[in-house]
Amino acid sequence: MRAFVDRDACISCGLCATICPEVFEMDDEDIATVIADPVPAEHEDGAQEAADSCPTDAISIEE
Ligand code: SF4
C-alpha cells in the first residue's frame with residue numbers, strides 16, 4: 001500500500017498525523033506528508049482510517 005497527500009487539499013487539521021503518526025507527519029509548512037512509503041503492513045489499517053477521516057479527502061491510497 002502507498003499513501004499520498006494532495007497538498008492543495010490539505011487544510012492542516014492534523015487529524016491524519018494523530019490517527020496514524022507512523023505514516024503521516026505535519027511538515028514545516030504544516031501540511032501533512034507521508035513518512036512511510038510504502039506503508040508497512042502493520043500500519044495499513046491506520047493509514048486507511050486516516051484517509052477515511054480526512055475532512056477534505058486529501059489522502060489517497062493505492063493498494
Ligand atoms: Fe491534511 Fe487531511 Fe491530514 Fe487534515 S487529515 S492534516 S486535511 S491530509
Side-chain angles (χ1 to χ4, degrees):
M1 170 192 279
R2 298 184 71 196
F4 304 91
V5 174
D6 178 347
R7 295 181 63 85
D8 293 330
C10 177
I11 57 169
S12 308
C13 74
L15 194 57
C16 56
T18 299
I19 291 172
C20 190
E22 297 86 358
V23 176
F24 302 97
E25 192 174 87
M26 306 310 288
D27 70 11
D28 293 345
E29 297 174 10
D30 211 24
I31 301 294
T33 186
V34 175
I35 57 170
D37 184 35
V39 175
E42 64 268 33
H43 297 309
E44 288 187 352
D45 287 350
Q48 186 64 60
E49 184 184 344
D52 292 344
S53 302
C54 175
T56 62
D57 284 335
I59 300 171
S60 54
I61 297 288
E62 185 179 279
E63 298 296 337

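Order of listing sets the numbers, starting from 1, for every ligand and every atom in it.
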Looking at D52, I want to see if its CG is surrounded by more than 12 non-hydrogen atoms of other residues, nucleotides or ligands under 6.0 Å.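 Buried by this count: over 12 neighbours within 6.0 Å.
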Taking all non-hydrogen atoms of both residues, which atom of A3 and which atom of I61 are closest, and how far apart? CB-CD1, 3.9 Å
Could you list which atoms of ligand 1 come closer than 4.0 Å to a heavy atom of M26?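 That gives atoms 6 (S) of ligand 1.
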Is it the case that one hydrophobic cluster holds both L15 and V34, taking links as side-chain heavy atoms less than 4.5 Å apart, direct or via other members?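 No: no chain of side-chain contacts under 4.5 Å links L15 to V34.
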Test log, rule side chain to side chain contact (heavy atoms under 4.5 Å, CB included), inputs F24 and I59: CA-CA 10 Å; F24 302 97; I59 300 171; 3.9 Å; yes
What are the protein N, O or S atoms, given as residue plus atom name, that sit under 2.8 Å from atom 1 (Fe) of ligand 1? C10 SG
Measuring only between side-chain heavy atoms, which start at C-beta, is M26 closer than 4.5 Å to T33? no
Would you call R2-E63 a salt bridge at under 4.0 Å N-O? no
